[in-house]
Amino acid sequence: MKTALIGLLTGPVGVGKTTVAERVAGLARRRGLVCGGLLAPAMMNGCGQKAGIWGHDLLSGKRRILARTDRELGGPAVGPYSFDGEALAWATGVVENAIGRCDLLIVDEIGKLELWRNAGLAPILPRLAAGEAERSLVLIREFLLGELQERLGSVEQVSIEVSEGNRGELPPQILERMT
């Protein structure tokens, strides 16, 4: 049995962390690996501005709206985002269902909602810390990295910083490191 390894994909807002993770998932699949978990790409409005966040289940392909900036969804609010409580529960279930069923688990993303409010995807953090997912790639904003590393405890972690200069070449490097 391998020791669990968590890749922590970090970088500033809008640098392309989700795009890098999506490309890693595509490369993993082309290699015959099962990639599961959740991607959370931006939902853009007609003017090209971010209007919300999608949740995309990597195993089933299903998508749900997780958050909006232009209307109240009835769940927790963080900054300009109003989250849908039922969609967050669905997203947590997506990740929990993928743990142990895939070669590479992707978690997009752990943020203020999880670390400061113990909501959203927070229930999966103890499972990651316990090494239940053998290989995982977790997206996290730079300023929250230290806090997440602390919460993950002694499980092996590797930080991967995304920048405009390296985001194109990172996906194959990440896949090699994670597998």
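These figures come from a predicted structure and were not determined experimentally. Just the heavy atoms: all of them, side chains too, but no hydrogens, waters or symmetry mates, feed the values below.
- Grouped by direct or indirect side-chain proximity (heavy atoms under 4.5 Å, Ile/Leu/Val/Met/Phe/Trp/Tyr only), V34 sits with L59.
- For the side chain to side chain contact (heavy atoms under 4.5 Å, CB included) test, residues two or more places apart in sequence or in another chain that qualify with Q173 are E169, L170.
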Compile the donor-acceptor pairs under 3.5 Å between side chains in residues 38-47 and protein atoms, sequence neighbours left out, one pair per line.
from: N45; atom 1: OD1; to: C47; atom 2: N; distance (Å): 2.9
from: N45; atom 1: OD1; to: G48; atom 2: N; distance (Å): 3.1
from: N45; atom 1: OD1; to: Q49; atom 2: N; distance (Å): 2.9
from: N45; atom 1: ND2; to: Q49; atom 2: OE1; distance (Å): 3.4

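- The distance from the CG atom of L152 to the CD atom of Q157 is 4.5 Å, given to the nearest 0.5 Å.
- Checked against side-chain hydrogen bond (donor to acceptor under 3.5 Å, both in side chains), T19 has no partners two or more places apart in sequence or in another chain.
- Cluster annotation: I6 is not connected to I174 through the hydrophobic network of ILVMFWY side chains, with a link wherever side-chain heavy atoms come within less than 4.5 Å.
- In terms of heavy atoms, A25 sits closest to I106 at CB-CD1, 3.8 Å.
- L9 and I53 fall into different hydrophobic clusters, where Ile, Leu, Val, Met, Phe, Trp and Tyr residues are linked whenever their side-chain heavy atoms come under 4.5 Å apart, directly or through other members.
- The shortest non-hydrogen separation linking V162 to V20 is CG1-CG2, 4.1 Å.
- Screening residues 111-126 for salt bridge (charged side-chain N to carboxylate O under 4.0 Å, His left out) gives no qualifying pairs among residues at least two apart or on separate chains.
- Under the rule for a side chain to side chain contact (heavy atoms under 4.5 Å, CB included), the partners of A133 that lie at least two apart in sequence or sit in another chain are I99, L105, L128, S136.
- For the atom pair OG1 of T92 and CG of N97, the computed distance is 12.0 Å after rounding to the nearest 0.5 Å.
- Rounded to the nearest 0.5 Å, atoms CG (L66) and CZ (F83) are 7.5 Å apart.
- In terms of the salt bridge (Lys or Arg N to Asp or Glu O under 4.0 Å) criterion, residue partners of R127 (sequence neighbours excluded) are, by chain and number, E132.
- Distance check, rounded to the nearest 0.5 Å: CG of L115 to CG of L125 gives 6.5 Å.
- The two residues E147 and W116 come nearest to each other via the heavy atoms OE1-NE1, 3.0 Å.
- Every salt bridge (Lys or Arg N to Asp or Glu O under 4.0 Å) that R177 has, sequence neighbours left out, goes to E156.
- Residues I160 and V24 are members of one and the same hydrophobic cluster, defined by side-chain heavy-atom contacts under 4.5 angstrom among Ile, Leu, Val, Met, Phe, Trp and Tyr.
- Y81 and L113 end up in the same hydrophobic cluster when Ile, Leu, Val, Met, Phe, Trp and Tyr side chains are linked at under 4.5 Å.
- Taken to the nearest 0.5 Å, the CG atom of L139 stands 12.5 Å off from the CG atom of L144.
- Within a 6.0 Å sphere centred on NZ of K62, heavy atoms belonging to other residues, nucleotides or ligands number 12 at most.
- By the side chain to side chain contact (heavy atoms under 4.5 Å, CB included) test, S163 is found to be paired with N166, residues two or more places apart in sequence or in another chain being considered.
- Under the rule for a side chain to side chain contact (heavy atoms under 4.5 Å, CB included), the partners of E72 that lie at least two apart in sequence or sit in another chain are S82.
- Listed by chain and residue number, nothing satisfies the salt bridge (Lys or Arg N to Asp or Glu O under 4.0 Å) test with D103 (two or more places apart in sequence, or in another chain).
- Note on V107 and L5: separate hydrophobic clusters, where clusters join Ile, Leu, Val, Met, Phe, Trp and Tyr whose side-chain heavy atoms are under 4.5 Å apart, directly or indirectly.
- For E86, the salt bridge (Lys or Arg N to Asp or Glu O under 4.0 Å) criterion is met by no residue, not counting sequence neighbours.
- Using a 4.5 Å heavy-atom threshold, the side chains of S159 and Q149 count as touching.
- E164 CD: 12 or fewer foreign heavy atoms inside a 6.0 Å radius.
- Here the closest heavy-atom approach between residue R23 and residue P171 is recorded as CB-CG, 3.7 Å.
- In this structure, CG in L137 is found 12.0 Å from NZ in K17, a value given to the nearest 0.5 Å.
- Between G37 and A98 the shortest heavy-atom distance is N-CB, 3.5 Å.
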Walk me through whether R29 and L58 qualify under side-chain contact (heavy atoms from CB on, under 4.5 Å). CA-CA 11 Å; R29 286 187 179 122; L58 288 166; 3.5 Å; yes

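- Here the closest non-hydrogen pair linking V155 and A129 is CB-O, 3.9 Å.
- In this structure, R167 contributes its side chain and V15 its backbone to a donor-acceptor pair below 3.5 Å.
- In terms of modelled atom types and a separation under 3.5 Å, the side chain of T10 and the main chain of I140 share a donor-acceptor contact.
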